[in-house]
Amino acid sequence: MKQAACALTIAGTDPSGGAGIQADLKTFQELQSYGMSVITSIVAQNTTGVKSVHHLPIEMLKDQLEAISSDMPVHAFKTGMISNVSMMKAVAEWVPQVSAPYVMDPVMVAQSGDPLIEEESRVWLRENLLPLTSLVTPNIPEAEDILGESMESSEDMKEAAQQMVTRFGAGAALVKGGHMKGEAVDFLYDGSEIHTFTSERIDTKNTHGTGCTYSAAITAYLSQGLPLVEAVKQAKYFVTEAIRHSFNLGNGSGPTNHFATREEVFNKWF
Ligand SMILES: Nc1ncnc2c1ncn2[C@@H]1O[C@H](COP(=O)(O)OP(=O)(O)OP(=O)(O)O)[C@@H](O)[C@H]1O
Ligand SMILES: Cc1ncc(CO)c(N)n1
């Protein structure tokens, strides 16, 4: 029997199902990787915002990580919300045990603007976690935060992607243009060249969890052995269709729609 491609997410939760662990597992399932999850924090949130956050005790985080690496194959993994330095340290100590591509979504604020990471953790993330990654996927505010510089143009985005790799040691960097105007353009620097991924901008307020879905799709494709550029290309199709079919659920920024997506992607793009 063919062995399953196993993808893991290490992240916070979203009970409303649009972002975090829930979005990641749905994406893994849609893209036919076997999904596994390690929870960092339980977040009481929905489409309108974050009510409260409970961080799991560090020992509990370590035990979950150990439960995976002592028993399960991991063919690719991603991290999302890792709120404080103690949790980042636990993840950083665990990463070398797994020889699989590591995709970091450097989650800092929710779509609603609520903070998901403590202020002092940002430097630690940059100095210690970033060099362990195969790919980091910041949106523009996250890239500005990591580099300490403001970004206004495509040239700034490309420069930021390069800096993440050459200055801060990320394996590769994908700077996402969801927060810009006009077409939704993302730039990937893979250590040797810039690759550009462009889609039309879809006119919707329902973009809760787009970043989670995108990085989870990249992780799923990497777990299946696709090369990085191909994994990003296909994940961009997936997230674009998930945004196109997003739901008007809840009173705020609704979630992307995964299950309308797979068929749509295959019919339309292949
Ligand atoms: N309205 C849109 N139409 C089409 N593509 C979009 C739109 N908004 C974002 N994208 C694309 O979705 C992907 C996710 O990018 P985005 O910058 O929104 O992530 P994010 O801000 O990290 O998401 P999150 O809301 O989960 O924090 C990128 O490929 C981006 O270009
Ligand atoms: C747990 C979690 N991770 C990431 C995001 C960003 O979309 C969110 N809202 N919640």
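Both ligands and their constituent atoms are indexed starting at 1 by order of listing.
Counting heavy atoms closer than 4.0 Å to ligand 2, residue S41 contributes nothing at all. Contacts between D14 and ligand 2, counted as non-hydrogen atom pairs separated by less than 4.0 Å, are absent for every part of the residue. Neither the backbone nor the side chain of H208 has a heavy atom within less than 4.0 Å of ligand 1. Residue contacts with ligand 2 for L116 involve side-chain atoms from C-beta outward but no N, CA, C or O (heavy atoms, distance under 4.0 Å).
Minimum interatomic distance between L25 and G35 (heavy atoms only, all atoms of both residues): CD2-C, 3.8 Å. Closest approach of A11 to D24, counting heavy atoms only: CB-OD2, 4.1 Å. Annotation for S223 and H75: closest pair O-CB, 3.5 Å, computed over non-hydrogen atoms. Between T40 and G12, the shortest heavy-atom contact is OG1-N, 3.3 Å. Between L129 and M88, the shortest heavy-atom distance links the atoms CD1-CG, 3.9 Å. Here the closest non-hydrogen pair linking M157 and V185 is CE-O, 3.5 Å.
Around atom 21 (O) of ligand 1, the closest heavy atom drawn from H179, R201, K205 belongs to H179. Of all the listed residues (S83, S253, G20), G20 holds the heavy atom that lies closest to atom 3 (N) of ligand 2. Within the set V107, T213, I117, the minimum heavy-atom distance to atom 4 (C) of ligand 2 is found for V107.
Below 3.5 Å of separation, one finds no N or O of V109 facing any N or O of ligand 1. At least one N or O atom of K236 sits closer than 3.5 Å to an N or O atom of ligand 1. Considering backbone and side-chain N/O of Q45, one or more are found under 3.5 Å from N/O of ligand 2. Backbone and side-chain nitrogen or oxygen atoms of E142 are examined, and none is located within less than 3.5 angstrom of a nitrogen or oxygen of ligand 1. Polar contact with ligand 1: present for N139 (N/O pair, distance under 3.5 Å). Residue-to-ligand polar distances keep V185 apart from ligand 1: every N/O pair is separated by 3.5 Å or more.
Looking at N257, its side chain never comes within 3.5 Å of a backbone N or O of F247 through a donor-acceptor pair. Formation of a donor-acceptor pair under 3.5 Å by the R201 side chain with backbone atoms of M180 is found in this model. Looking at K158, its side chain never comes within 3.5 Å of a backbone N or O of Y189 through a donor-acceptor pair. With hydrogens and angles ignored, the 3.5 Å screen pairs no side-chain donor or acceptor of E241 with any backbone N or O of F238. Side-chain atoms of K205 come within 3.5 Å of backbone atoms of G252 as a donor-acceptor pair (strictly under, hydrogens ignored).
For atom 18 (O) of ligand 1, the closest non-hydrogen atom of the protein is T210 OG1, 3.1 Å. The protein atom (non-hydrogen) at minimum distance from atom 5 (N) of ligand 1 is A184 CB, 3.4 Å. Nearest protein neighbour of atom 9 (C) of ligand 1, counting heavy atoms only, is G178 CA, 3.5 Å. Residue, atom and distance of the protein heavy atom nearest to atom 25 (O) of ligand 1 are Q111 OE1, 2.8 Å. Among all protein heavy atoms, the one lying closest to atom 1 (N) of ligand 1 is I202 O, 2.9 Å. Remark: minimum distance from atom 13 (C) of ligand 1 to any protein heavy atom is reached at Y214 CD2, 3.7 Å.
In the vicinity of T13, heavy-atom distances shorter than 4.0 Å reach the ligand 2 atoms 1 (C). Listed by atom number, the atoms of ligand 1 under 4.0 Å from K176 heavy atoms are 15 (O), 17 (O), 19 (O), 20 (P), 22 (O). For ligand 1, the atoms lying closer than 4.0 Å to a non-hydrogen atom of G209 are 26 (O). Each of the following atoms of ligand 2 lies closer than 4.0 Å to a heavy atom of G12: 1 (C). With ligand atoms numbered from 1 in the order given, ligand 1 contributes 19 (O), 20 (P), 22 (O), 23 (O), 24 (P), 26 (O) to contacts under 4.0 Å with heavy atoms of G211. Within ligand 1, the atoms closer than 4.0 Å to a non-hydrogen atom of T207 are 25 (O), numbered from 1 in the order shown.
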I'd like a table of donor-acceptor pairs (distance under 3.5 Å, sequence neighbours excluded) in which one partner is a side-chain atom from residues 94-106, with atom names and distances.
residue	atom	partner	partner atom	Å
W94	NE1	L65	O	3.1
W94	NE1	S69	OG	3.1
Q97	OE1	S69	OG	3.3
Y102	OH	T79	OG1	2.9

Handout entry: Steps toward side-chain hydrogen bond (donor to acceptor under 3.5 Å, both in side chains) verdict (D190, S192)
Key = CA-CA 6 Å; D190 63 2; S192 57; 3.2 Å; yes

Exercise for the section: For the pair V43 and D14, evaluate side chain to side chain contact (heavy atoms under 4.5 Å, CB included) and give the outcome as yes or no after the intermediate values. Expected result: CA-CA 6 Å; V43 185; D14 174 8; over 6 Å; no

Handout entry: Trace of the side-chain hydrogen bond (donor to acceptor under 3.5 Å, both in side chains) decision for H55 with S41
Key = CA-CA 4 Å; H55 302 313; S41 304; 2.8 Å; yes

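Electrostatic pairing of D145 and R122 counts as a salt bridge here, judged by a charged N lying under 4.0 Å from a carboxylate O.
Put simply, part of E200 is less than 4.0 Å from ligand 1, judged by heavy atoms. Heavy-atom separations between I243 and ligand 1 include at least one value shorter than 4.0 Å. Distances shorter than 4.0 angstrom occur between a heavy atom of D186 and an atom of ligand 1. Within the 4.0 Å heavy-atom shell around ligand 2 one does not find A11.
Side-chain atoms of Q22 and T13 include no donor-acceptor pair closer than 3.5 Å.
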